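Okay, here's the structure, questions in a sec.
As the structure is a computational prediction, the values presented were derived from the model and not from experiment. Just so it is clear, the values below take in all heavy atoms, side chains as well, and ignore hydrogens, waters and symmetry mates.
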Amino acid sequence: MATTSEDVWRLLAELTAAQKETDRQLKEVSQQQKETELLLKEVSQQQKENAQQQKETDKQLKELGQQIGGLGAKFGSFTEGLALPSMETILRQRFGMEVISPSVRVSKEGQ
């Protein structure tokens, strides 16, 4: 079977159409690649922002822990202040103590 000029022209037309379709697909892939790169940049930016927010949250939690610890100490001092007058009376009347000081610590022979 001999190839005619019509066959060559038909094949050339098919090849041209296939080339146009390939070019269209390449443009589509290129556009999708650009969109993917943009999404990756956005995700990277969000990760940076999340890391910064995490650092700030950690800092706030640390400060809150310190504040809670300070409140505990103040509450303990407040409670001691409420109990001390009653304790002084009991210690003087029942145990005959003459010197009472809440901040003095005494040890005798390791006890």
Open item on the list: Are the side chains of Q52 and K48 in contact, using a 4.5 Å heavy-atom criterion?
Closed with: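 Contact flag for K48/Q52 side chains = no.
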- [ ] Answer yes or no: does atom CD of E6 have more than 12 heavy-atom neighbours from other residues, nucleotides or ligands under 6.0 Å?
- [x]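 Counting neighbours around CD of E6, 12 or fewer heavy atoms of other residues, nucleotides or ligands fall under 6.0 Å, so no.
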Task: Identified side-chain contact (heavy atoms from CB on, under 4.5 Å) partner of T36 from the options L38, L39, L40 - done: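 The single option meeting the side-chain contact (heavy atoms from CB on, under 4.5 Å) with T36 is L40.
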TODO: Would you indicate whether the side-chain heavy atoms of D58 and K62 approach each other to under 4.5 Å?
DONE: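 No, every pair of side-chain atoms sits at 4.5 Å or beyond.
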Open item on the list: Is it the case that the side chain of T4 and the backbone of D7 share a donor-acceptor pair, with hydrogens and angles ignored and the cut-off at 3.5 Å?
Closed with: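 A pair under 3.5 Å: yes.
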TODO: Using atom types as modelled and distance alone, determine if a side-chain donor or acceptor of T22 lies under 3.5 Å from a backbone N or O of A18.
DONE: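 Confirmed, T22 side chain pairs with A18 backbone.
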Task: Distance-minimising heavy-atom pair for I100 and R92 - done: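 Minimum heavy-atom separation between I100 and R92: CD1-CG, 3.7 Å.
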Anything under 3.5 Å between a donor and an acceptor, one on a side chain of residues 9-16, the other on a protein residue two or more places apart or in another chain? List them.
from, atom 1, to, atom 2, distance (Å)
R10, NH1, E14, OE2, 3.2
T16, OG1, L12, O, 2.8

- [ ] Decide yes or no on side-chain contact (heavy atoms from CB on, under 4.5 Å) for I90 and M87, but give the supporting numbers first.
- [x] CA-CA 5 Å; I90 293 170; M87 287 178 54; 5.7 Å; no
Task: Distance-only side-chain donor-acceptor flag, Q54 / N50, under 3.5 Å - done: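 No, N50 and Q54 have no side-chain donor paired with an acceptor closer than 3.5 Å.
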TODO: Apply side chain to side chain donor-acceptor pair (under 3.5 Å) to the pair Q25 and E21, showing each step before the final yes or no.
DONE: CA-CA 6 Å; Q25 289 175 348; E21 177 63 17; 3.1 Å; yes
TODO: With sequence neighbours left out, write down each residue that passes salt bridge (charged side-chain N to carboxylate O under 4.0 Å, His left out) with E28, or none if nothing qualifies.
DONE: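 Once residues adjacent in sequence are excluded, the partners of E28 under the salt bridge (charged side-chain N to carboxylate O under 4.0 Å, His left out) criterion are R24.
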Open item on the list: What I want to check is whether the side chains of Q46 and E42 have a donor and an acceptor closer together than 3.5 Å.
Closed with: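 Their side chains do not contain a donor-acceptor pair, so the 3.5 Å distance test is not met.
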Task: Worked verdict on Q67 versus L71 for side-chain contact (heavy atoms from CB on, under 4.5 Å) - done: CA-CA 6 Å; Q67 290 172 356; L71 284 175; 5.6 Å; no
